[in-house]
Amino acid sequence: MNWYLTVLKKYAVFSGRARRSEYWFFVLFNTIIGFVLGFIDGILGFSDPDMSIGVLGAIYSLAVLIPSIAVGVRRLHDTDRSGWWLLIALIPLIGAIVLIVFFVMDSTPGDNRFGPNPKAMA
């Protein structure tokens with residue numbers, strides 16, 4: 001839960017680097033919260049069968065959009081790639097696969113052009 005809160009505290013910080021654990025725990029908690037909100041939307045009748053997301057889920061998704069982009073950019077920085085690589089996700093299927101590979105890669109050792117290695121600081 002600490003990694004999730006760390007990302008939210010760095011709400012719109014696009015500089016620096018993010019460890020794998022920071023990124024993946026944020027993704028994990030977002031997924032869990034999304035399922036819970038979807039369940040609550042269904043119980044309360046806030047979801048429309050024609051739509052894939054309910055009202056609570058949509059509000060939550062909008063609330064974490066910027067932190068999600070920011071942590072993705074910082075994760076790419078940790079692998080010594082520009083944050084602009086996030087745009088590759090616009091290519092169906094292949095873009096998502098490439099990003100997943102980048103996100104699971106280990107940090108570049110030592111300092112890189114985006115800052116010091118966050119593993120060395122921990």
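We're numbering straight along the sequence, starting at 1.
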Q: Of all the heavy-atom pairs spanning A89 and L99, show the shortest one and how long it is.
A: CB-CD1, 3.5 Å
(Q) Within the structure provided, determine whether E22 and R17 are in side-chain contact (heavy-atom separation under 4.5 Å). (A) no
(Q) How close do Y11 and I66 get, counting heavy atoms only, and between which atoms? (A) O-CG2, 3.6 Å
Q: Give a yes or no on whether I94 and L87 share a hydrophobic cluster (residues Ile, Leu, Val, Met, Phe, Trp, Tyr; joining criterion: side-chain heavy atoms under 4.5 Å apart).
A: no
(Q) Show, in sequence, the C-alpha distance, side-chain angles and deciding distance for Y4 and L28, and conclude whether the side-chain contact (heavy atoms from CB on, under 4.5 Å) test is met. (A) CA-CA 9 Å; Y4 181 78; L28 174 68; over 6 Å; no
Q | Hydrophobic cluster membership, I69 vs V64, 4.5 Å side-chain cutoff | A | yes
(Q) Testing the basics here: between Y23 and R75, what is the closest heavy-atom pair and its distance to 0.1 Å? (A) CB-CD, 3.9 Å
(Q) Tell me whether the count of non-hydrogen atoms from other residues, nucleotides or ligands lying under 6.0 Å of CG in L65 goes above 12. (A) yes
Q | Closest contact, heavy atoms only, S68 versus F26 | A | OG-CE2, 3.3 Å
Q: Under the side-chain contact (heavy atoms from CB on, under 4.5 Å) rule, what do Y60 and L56 come out as? Steps first, then yes or no, please.
A: CA-CA 6 Å; Y60 176 75; L56 297 176; over 6 Å; no
(Q) Minimum heavy-atom separation for A18 and P118, please, with both atom names. (A) C-CG, 4.4 Å
Q.
Looking at F103, I want to see if its CZ is surrounded by more than 12 non-hydrogen atoms of other residues, nucleotides or ligands under 6.0 Å.
A. yes
**Q.** Chi angles and distances behind the side-chain contact (heavy atoms from CB on, under 4.5 Å) call for V27, W24
**A.** CA-CA 5 Å; V27 169; W24 287 111; 4.2 Å; yes
(Q) Show the nearest heavy-atom pair for residues V7 and V71, with the distance to one decimal. (A) CG2-CG2, 3.7 Å
Q: Would you indicate whether the side-chain heavy atoms of D78 and N117 approach each other to under 4.5 Å?
A: yes
Q: Find out if a path of hydrophobic residues (ILVMFWY) with successive side-chain heavy-atom gaps under 4.5 Å connects I88 to F14.
A: yes
Q | Criterion side-chain contact (heavy atoms from CB on, under 4.5 Å) on D106 and K119, from CA distance to verdict | A | CA-CA 10 Å; D106 197 13; K119 286 183 179 179; 2.5 Å; yes
Q) Is there a path from I97 to V104 through hydrophobic residues (I, L, V, M, F, W, Y) whose side chains come within less than 4.5 Å of each other? A) no
Q. Would V36 and L5 show up in the same hydrophobic cluster when neighbours are defined by side-chain heavy atoms closer than 4.5 Å?
A. yes
Q) Measuring from R113:CZ to H77:NE2, what's the distance to the nearest 0.5 Å? A) 7.5 Å
Q | Within-4.5 Å side-chain heavy-atom neighbours: V73 and W85 | A | no
Q) Once you round to the nearest 0.5 Å, how far does CG of L44 lie from CG of L37? A) 10.5 Å
